K.L.:
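First the structure, then my questions, so here it is.
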Amino acid sequence: MLRGVAEVRVLLVRRPGGTVEARELDDGGTVTRVPAGELPALVRERETAHPRWVWDDTTRWYPGLLAAGLRVERCTDLRLGHALLRRSPRVDQATLTGPDTAGWDALEPVGAADPALFDLDDPADRLDPAAEQERQRAALGTVDQRARLGLLLAAESAGALVAAEMTHAGMPWRADVHDRLLTDLLGPRPAAGRRPEGLEQVLTAVRQAFGAPALNPDSPTELLPCLRAAGLEVTDTRSWTLEQLDHPGITPLLQYKKLARLLQANGWAWLDTWVAEGRFRPTWLPGGVVTGRWASAGGGALSAPVQVRPAAVADDGWRFVVADVAQLEPRVLAGMSRDTAMAEAARAADLYQAMVDTGAVASRSDAKLGMLGAMYGGTRGESGRMVDRLTRRYPQAFGLVEEAARAGERGEVVQTLLGRGSPLPTGSWAAPAAESDDDRPDPRERDQHRRAWGRFTRNFVVQGTGAEWALCWLAVLRNRLWQTGPAGQVTDRPHLVFFLHDEVVVHTPEHLADDVADAVRAAATEAGRLLFGSFPVDFPLDVSVVRSWADAG
DNA sequence: CGTACAGGTCTA
DNA sequence: TATCTAGACCTGTACG
């Protein structure tokens with residue numbers, strides 16, 4: 001599915017004078033050169049043979065092809081591959097070193113926000129993709145168990161295709177529904193620079209309750225002294241803190257914070273900036289987080305609030321298929337540690353409940369607390385006690401994260417199941433040799449940093465392997481959706497429109513929704529097999545077919 | 001005046 | 001008996 005047999009690879013390179021070169025990599029190097037304007041025609045013609053397109057960076061090639069109505073089946077993204085190989089402890093770094101290694105290290109993706117970079121003076125054009133492609137092949141050749149790292153490279157590149165396709169298609173977004181939602185909560189859209197009526201009313205109530213006629217609750221430096229003057233002994237102004245208090249001003253203050261947040265983060269300004277022609281189009285950044293999770297830019301896609309999801313509505317005659325994995329990371333931990341006792345719990349739809357049913361813990365909340373403690377490094381209080389108890393029950397799984405934490409505290413690199421390496425620590429605690437007597441840090445502070453880095457590496461191995469599972473899920477699903485038909489370009493068929501760590505949203509013609517739901521489940525099963533082979537760990541999904549994103553779950 | 005950071009709130 | 005992982009992005013405020 002991810003890697004074909006008898007693969008044909010075609011390298012695309014931009015050349016001076018607005019031309020593009022297509023070089024066959026596996027038949028002696030036949031070269032075709034065309035004006036850049038003829039690239040879509042070239043790709044359309046060659047795509048019938050299902051080649052793997054090799055290019056410097058998907059963000060520099062694929063949006064233009066998608067805009068021309070094309071879709072490619074597979075690619076090798078050298079920028080993402082370089083980043084992975086450079087940090088993988090499985091790779092002999094000497095094989096990757098070349099004259100423009102630093103240039104590849106520094107290469108950034110381009111976004112819709114800076115299209116000028118493409119034409120003007122793009123640092124990518126000073127790099128040699130053919131040479132880099134050779135180096136990456138050689139580097140992979142030196143790796144033990146190269147199938148795993150090879151899978152990761154293929155999946156990362158497939159993710160780059162998904163990311164570009166999701167921005168191209170966009171998330172269907174009804175500005176009229178969003179506006180109505182805002183108007184119901186805040187009042188009609190005010191003139192620029194004015195507070196909406198609803199917010200103004202709540203503000204008046206807050207000011208009256210605290211006897212502070214000019215108070216600006218958006219300013220913590222004003223709000224904190226005001227709360228203390230009212231006899232409330234608080235040291236911060238977070239909602240969670242305020243909820244504990246008993247004072248007549250608290251209710252309107254919490255309401256003010258909620259409405260102000262909605263207005264600032266997803267109000268009319270957000271709509272104006274990020275929604276156009278009925279679509280919300282964030283930029284997705286595969287590999288943008290060190291653990292391998294995706295980052296995003298533009299419109300805060302990673303924190304799309306539940307509150308505004310009613311405005312995400314499928315087109316007429318279309319539906320959303322929304323799917324998320326229940327308890328992804330504990331399942332991934334069971335699989336990567338090959339902990340059979342935890343895998344047994346992971347065969348149930350509710351892993352935490354299964355831990356109760358097998359007598360490992362007394363309650364579901366204990367199970368959850370213990371698992372989160374293991375993955376995040378909770379050692380104190382209730383969480384720490386649960387970790388101790390569960391370590392005896394699941395020694396393989398808990399031992400794996402514990403070892404990752406110890407390695408991090410020693411300043412070592414840890415890696416995910418498929419071989420993504422953690423960054424090296426930069427703090428002074430990690431460089432004992434450089435420690436001079438002058439600015440030697442406080443030993444207690446140094447230990448705090450060391451333990452904090454241990455929590456990071458502990459979480460890295462699980463979060464990162466979870467991201468690999470999700471990447472495989474996406475890659476397999478992308479192919480299955482394309483085959484679900486009907487004929488046409490990406491947006492004519494069922495296609496991905498949203499992805500958030502362990503959740504996907506597919507936009508599909510209504511009559512194909514059940515087929516899509518099957519494809520989403522089949523892809524999850526396939527992802528589990530790709531990562532864990534025959535080791536028995538399940539990845540049950542919650543799948544909903546809905547008109548609005550808000551109705552899922 | 002513009003930039004950098006702190007505090008806060010949303011997501012998994 | 002907290003406050004432990006990874007992000008984006010808003011406003012207010014301090015700094016240069």
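Note on naming: letters A, B, ... go to the chains in the order of the sequence lines (proteins, then strands), and numbering restarts at 1 for each one. Quantities reported herein were computed from a predicted structural model and do not represent experimental measurements.
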K.L.:
Reading DNA chain C from 5' onward, which residue's closest nucleotide shows up sooner: Phe456(A) or Thr241(A)?
P.N.:
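Here Thr241(A) is the residue nearer the 5' end.
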
K.L.:
Over all strands shown, is Val306(A) touching base, sugar-phosphate only, or nothing at heavy-atom distances under 4.0 angstrom?
P.N.:
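It contacts sugar-phosphate atoms only.
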
K.L.:
Which of residues 361-378 of chain A sit near DNA chain C, with a heavy atom under 4.0 Å from it?
P.N.:
Tyr376(A), Gly378(A)

K.L.:
Polar atoms only, N or O, under 3.5 Å: list the protein pairs with nucleotides 8-12 of chain C and their distances.
P.N.:
residue, atom, partner, partner atom, Å
dC9(C), OP1, Gly298(A), N, 2.6
dC9(C), OP1, Gly299(A), N, 3.2
dC9(C), OP1, Gly300(A), N, 3.3
dG12(C), OP1, Asn216(A), ND2, 3.3
dG12(C), O3', Ser219(A), OG, 3.2

K.L.:
If I pick the C1' atom on dT3(C) and the same atom on dG7(B), what distance separates them, to the nearest angstrom?
P.N.:
15 Å

K.L.:
Of Val401(A), Val461(A), Thr416(A), Leu418(A), which meets side chain to side chain contact (heavy atoms under 4.5 Å, CB included) against Met336(A)?
P.N.:
Val461(A)

K.L.:
Angle between ring planes, Trp284(A) versus Phe498(A), binned at 30° and 60°: parallel, tilted or perpendicular?
P.N.:
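Because their plane-to-plane angle is over 60°, the rings of Trp284(A) and Phe498(A) count as perpendicular.
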
K.L.:
Any salt bridge linking Arg207(A) with Glu222(A)? Criterion: basic side-chain nitrogen under 4.0 Å from a carboxylate oxygen.
P.N.:
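The answer is no: the pair does not qualify as a salt bridge.
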
K.L.:
Just how far, in rounded Å, is C1' of dA6(C) from CD of Glu468(A)?
P.N.:
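Going from CD in Glu468(A) over to C1' in dA6(C) covers 15 Å.
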
K.L.:
Using a heavy-atom cut-off of under 4.0 Å over every strand shown, decide if Arg309(A) touches base, sugar-phosphate, or nothing.
P.N.:
sugar-phosphate

K.L.:
Indicate the ring-plane relationship of Trp469(A) and Trp473(A), choosing parallel, tilted or perpendicular according to the 30° and 60° boundaries.
P.N.:
tilted

K.L.:
Using a 4.0 Å heavy-atom cut-off across all strands, classify Ser383(A) as base, sugar-phosphate, or nothing.
P.N.:
nothing

K.L.:
Check the phosphate of dC4(C) against Arg455(A), side-chain N and O only, distance under 4.0 Å to OP1 or OP2. Yes or no?
P.N.:
no

K.L.:
Students often mix this up, so state it plainly: with edges at 30° and 60°, are the rings of Phe280(A) and Trp173(A) parallel, tilted or perpendicular?
P.N.:
perpendicular

K.L.:
Given dC10(B), dT9(B), dA6(C), which nucleotide is nearest the side-chain atoms of Ser239(A)?
P.N.:
dT9(B)

